[in-house]
2 protein chains.
Amino acid sequence: MGTATAATTRPMRADAQRNYDHIVEVASDAFAEHGVLTSLDDIACRAGVGPGTLYRHFPTRDSLIATALGDSVDRLDTLAAGLKASEAPGEALHEWMLALAMHLRTYDNLPESIAEAFRRDDSPLRNSCFPLTDTTSVLVARAKAAGELRDDVDPRDVFALVSSVAWAAQRRGGTDADLKRMLSLATTGIR
Amino acid sequence: MGTATAATTRPMRADAQRNYDHIVEVASDAFAEHGVLTSLDDIACRAGVGPGTLYRHFPTRDSLIATALGDSVDRLDTLAAGLKASEAPGEALHEWMLALAMHLRTYDNLPESIAEAFRRDDSPLRNSCFPLTDTTSVLVARAKAAGELRDDVDPRDVFALVSSVAWAAQRRGGTDADLKRMLSLATTGIR
DNA sequence: CAACGATACGGAGACTGTCTCCGTTTTGTC
DNA sequence: GACAAAACGGAGACAGTCTCCGTATCGTTG
């Protein structure tokens with residue numbers, strides 16, 4: 001991803017593509033610095049475009065977040081491919097849960113936005129998470145099959161649990177140590 | 001609590017007390033119906049007072065939430081007294097964690113507000129939670145002493161974990177069953 | 001390369017919610 | 001009944017979201 005284009009339809013006009021790319025770039029920085037709740041008009045301003053232009057390209061905050069997260073999701077997908085082939089499904093699941101939790105820390109308040117997106121249909125942010133929930137399901141199933149995870153665990157609960165740990169850790173200090181400790185606390189019970 | 005008064009200083013003037021009580025009453029309803037993020041001006045309007053009056057009594061949203069939660073916290077305190085004397089500390093801790101999680105579901109978005117309050121000093125909402133964190137500490141210590149809980153568990157992490165489970169469960173459907181299932185998933189590992 | 005239609009821009013401004021300031025009203029006391 | 005202190009309330013400043021539409025830019029066609 002990185003420089004996304006609506007390749008399905010007619011290609012974007014040159015100026016539109018330029019603005020689109022610049023907005024995403026600025027948004028990534030702004031989200032990283034101030035969290036996903038930062039002012040969108042401010043992002044537009046910093047990107048040197050009017051609010052109208054931003055909202056035309058990204059009708060909702062979610063759509064902008066989803067696009068800004070593109071690279072991080074791609075990286076997770078690469079990791080997922082390896083983990084799905086792992087010969088130690090239990091460990092693979094653990095590694096995945098940690099990676100997922102780290103991903104959810106990409107921006108401040110991201111877990112809230114994603115959780116919110118899951119309550120709406122057709123949210124672009126929700127759609128962008130489907131690869132992640134799918135991978136979670138696969139890894140949970142493999143861990144179960146290997147007898148390394150209880151049979152009664154719902155993969156959706158696992159995703160929710162990881163989200164909630166990421167959420168909690170961010171408010172408990174936000175360091176890697178906080179995240180790992182909280183995740184360990186919450187998952188030791190899984191086996 | 002219920003009808004709180006600044007009893008430490010001079011008693012409130014009659015009209016002020018009347019407005020104060022009415023605001024809290026209306027706020028409880030509004031929070032219950034629309035969550036803690038509902039419009040404060042709207043609460044003022046429904047309570048038949050001007051915005052100025054509301055903000056004079058409750059300078060921050062947190063202070064209003066804290067007051068509105070008074071009754072629920074009182075009920076938890078009563079429960080806590082019994083649990084602290086329980087002869088089954090492990091079970092007592094579990095029961096407490098469930099009660100705490102239910103409390104955090106009193107209003108929509110309450111876990112977020114409380115977590116946020118914990119990042120600020122002198123937030124009234126944070127202060128109103130101290131009895132709860134204290135009880136958590138006591139019950140965690142007792143469970144440890146009885147050998148029913150790992151020694152390396154930080155009570156603050158326990159509180160954070162319960163908050164995060166309440167948060168996650170609310171976004172996973174919000175039913176009692178969702179909450180209990182998620183809590184069980186997250187705590188089975190505690191022992 | 002001129003010119004035209006389609007595409008995209010951008011900023012003024014409507015709208016919503018937060019929060020404050022200060023002239024007016026209510027209260028309690030002497 | 002009158003006076004000072006306490007409290008009221010609403011107009012309005014401010015910030016953020018999002019839209020509408022006149023204007024500018026682009027790409028294509030002759």
Side-chain angles (χ1 to χ4, degrees), chain A residues 4-27 30-31 33-65 67 108-109 112-113 116-117 120 123-125, chain B residues 4-27 30-31 33-65 67 108-109 112-113 116-117 120 123-125:
Chain A
T5 318
T8 42
T9 72
R10 186 164 296 173
M12 266 176 159
R13 229 171 70 174
D15 53 347
Q17 181 74 56
R18 208 184 319 129
N19 283 330
Y20 181 101
D21 290 343
H22 199 202
I23 288 170
V24 173
E25 195 178 345
V26 170
F31 289 156
E33 191 173 358
H34 305 292
V36 294
L37 300 181
T38 194
S39 158
L40 294 185
D41 276 28
D42 193 56
I43 288 176
C45 184
R46 289 200 212 183
V49 303
T53 300
L54 187 145
Y55 283 96
R56 197 173 329 101
H57 284 300
F58 305 99
T60 63
R61 183 181 296 268
D62 278 9
S63 60
L64 182 52
I65 298 174
T67 305
D108 221 39
N109 292 303
E112 284 94 329
S113 293
E116 190 61 35
R120 303 173 181 276
S123 158
L125 185 52
Chain B
T5 318
T8 43
T9 73
R10 185 164 298 171
M12 266 176 158
R13 230 172 69 174
D15 54 347
Q17 182 73 57
R18 207 183 320 128
N19 283 330
Y20 181 100
D21 291 343
H22 198 201
I23 288 169
V24 173
E25 194 179 344
V26 170
F31 289 156
E33 191 173 359
H34 305 292
V36 294
L37 300 180
T38 194
S39 158
L40 294 185
D41 275 28
D42 193 57
I43 289 176
C45 183
R46 290 200 212 182
V49 303
T53 299
L54 186 145
Y55 283 97
R56 197 173 329 101
H57 285 300
F58 305 99
T60 62
R61 182 181 296 270
D62 278 9
S63 59
L64 182 52
I65 297 173
T67 305
D108 221 39
N109 292 303
E112 285 93 328
S113 293
E116 191 60 36
R120 303 174 180 276
S123 157
L125 185 52

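Order of the sequence lines fixes the chain letters, A, B, ..., with proteins taken first and strands second; residue numbering starts at 1 for each chain. Below, all heavy atoms of this structure are taken into account, side chains as well, without hydrogens, waters or symmetry copies.
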*Which whole-number value in Å describes the distance from D15(B) CG to dT27(C) C1'?*
6 Å
*asked:* Less than 4.0 angstrom between a side-chain N/O of R13(B) and OP1 or OP2 of dT29(C), yes or no?
replied: no
*asked:* What's the separation between atom CD1 in I43(B) and atom NE2 in H34(B), rounded to the nearest 0.5 Å?
replied: 9.0 Å
*Hey, are the side chains of L125(A) and S113(A) touching, using non-hydrogen atoms and a 4.5 Å cut-off?*
yes
*Which part of the nucleic acid, if any, lies within contact of N19(A), taking any heavy atom under 4.0 Å across all strands shown: a base, the sugar-phosphate backbone alone, or nothing?*
sugar-phosphate
_At a heavy-atom distance below 4.0 Å, which nucleotide of DNA chain D is the first touched by chain A, and which is the last?_
dT17(D) to dG27(D)
_Heavy-atom side-chain contact between Y55(A) and L40(A) under 4.5 Å_ = yes
*Main-chain N/O of R120(A) paired with S123(A) side-chain donor or acceptor, under 3.5 Å*: no
*Rounded to the Å, how far apart are I23(A) CD1 and dC9(C) P?*
7 Å
*Using the closest heavy atom to pick a nucleotide of DNA chain C for each, name whichever of A14(B) or D42(B) lands nearer the 5' end.*
D42(B)
_Donor-acceptor contact present, side-chain R56(B) to main-chain P51(B), <3.5 Å_ = no
*Spacing of F31(B) atom CZ and T38(B) atom OG1 [to the nearest 0.5 Å]*: 7.5 Å
*With a 4.0 Å heavy-atom cut-off, tell me which residues in residues 49-60 of chain B come close to DNA chain C, sorted by residue number.*
P51(B), G52(B), Y55(B)
*asked:* Donor-acceptor pair, distance only, cut-off 3.5 Å: does the side chain of T53(B) make one with the backbone of V49(B)?
replied: no
*asked:* Quick check against the 3.5 Å criterion: does R46(B) have a side-chain atom that pairs as donor or acceptor with the backbone of V26(B)?
replied: no
